[in-house]
Amino acid sequence: MAVVENLNHLSLLRVLNLAGNQIREVRNLAGLSSLNELNLRRNELTQLDGFKDLRQLKRLFLSSNQIKHLDAMGEVSFLLVQPPSSLWM
């Protein structure tokens with residue numbers, strides 16, 4: 001699975017585990033308005049886009065990806081300053 005997109009119809013989803021799927025890109029997640037936890041460990045992500053509308057997101061797991069710089073974090077920077085949120089890299 002190279003791209004995760006168009007999950008907009010899952011508005012009540014609270015936890016999504018996409019670990020270990022060789023995902024290179026995540027986009028168009030705006031419809032996941034109830035999402036609390038997202039596990040993207042062990043993929044091939046280099047940057048994060050499409051996360052700005054995930055305001056209920058409290059836990060994000062990103063270890064074992066290709067993200068090399070914090071500026072690639074882009075739209076999930078709100079997790080760094082909004083306790084009790086958690087970001088694992």
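Each residue takes its place number in the sequence, starting with 1. Keep in mind that what you see is a predicted model, and the values were worked out from it rather than measured.
Residues meeting the side chain to side chain contact (heavy atoms under 4.5 Å, CB included) test with Ala30, sequence neighbours left out: Asp53. Looking at residues two or more places apart in sequence or on another chain, you find no side chain to side chain contact (heavy atoms under 4.5 Å, CB included) involving Asn8. Scanning for side chain to side chain contact (heavy atoms under 4.5 Å, CB included) contacts around Leu10 gives Leu7, Leu13, Leu32, with sequence neighbours left out.
The CD1 atom of Ile23 sits 11.0 Å away from the CZ atom of Arg42 when rounded to the nearest 0.5 Å. Considering CD of Gln66 and CZ of Arg24, their distance stands at 10.5 Å, rounded to 0.5 Å.
Residue pairs meeting the side-chain hydrogen bond (donor to acceptor under 3.5 Å, both in side chains) criterion with at least one member in residues 29-38, sequence neighbours excluded, are Glu37-Arg59. Residue pairs satisfying the side-chain hydrogen bond (donor to acceptor under 3.5 Å, both in side chains) criterion with at least one member in residues 10-19, sequence neighbours excluded, are absent.
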| side-chain contact (heavy atoms from CB on, under 4.5 Å) assessment of Leu54 paired with Leu29 | CA-CA 8 Å; Leu54 300 180; Leu29 300 179; 4.2 Å; yes
| message | Under the criterion side-chain contact (heavy atoms from CB on, under 4.5 Å), I'd like the reasoning laid out for Asn39 against Leu16: C-alpha separation, chi angles, the key distance, then a yes or no. | response | CA-CA 6 Å; Asn39 185 345; Leu16 181 57; over 6 Å; no
| query | Taking it one step at a time, do Ser64 and Arg41 satisfy side-chain contact (heavy atoms from CB on, under 4.5 Å)? | reply | CA-CA 6 Å; Ser64 300; Arg41 291 178 180 145; 5.6 Å; no
| message | Applying side-chain contact (heavy atoms from CB on, under 4.5 Å) to Asn43 and Asn21, what does each step give before you reach the verdict? | response | CA-CA 6 Å; Asn43 282 293; Asn21 283 292; 3.7 Å; yes
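Heavy-atom minimum distance, Asn65 versus Leu45: OD1-N, 3.0 Å.
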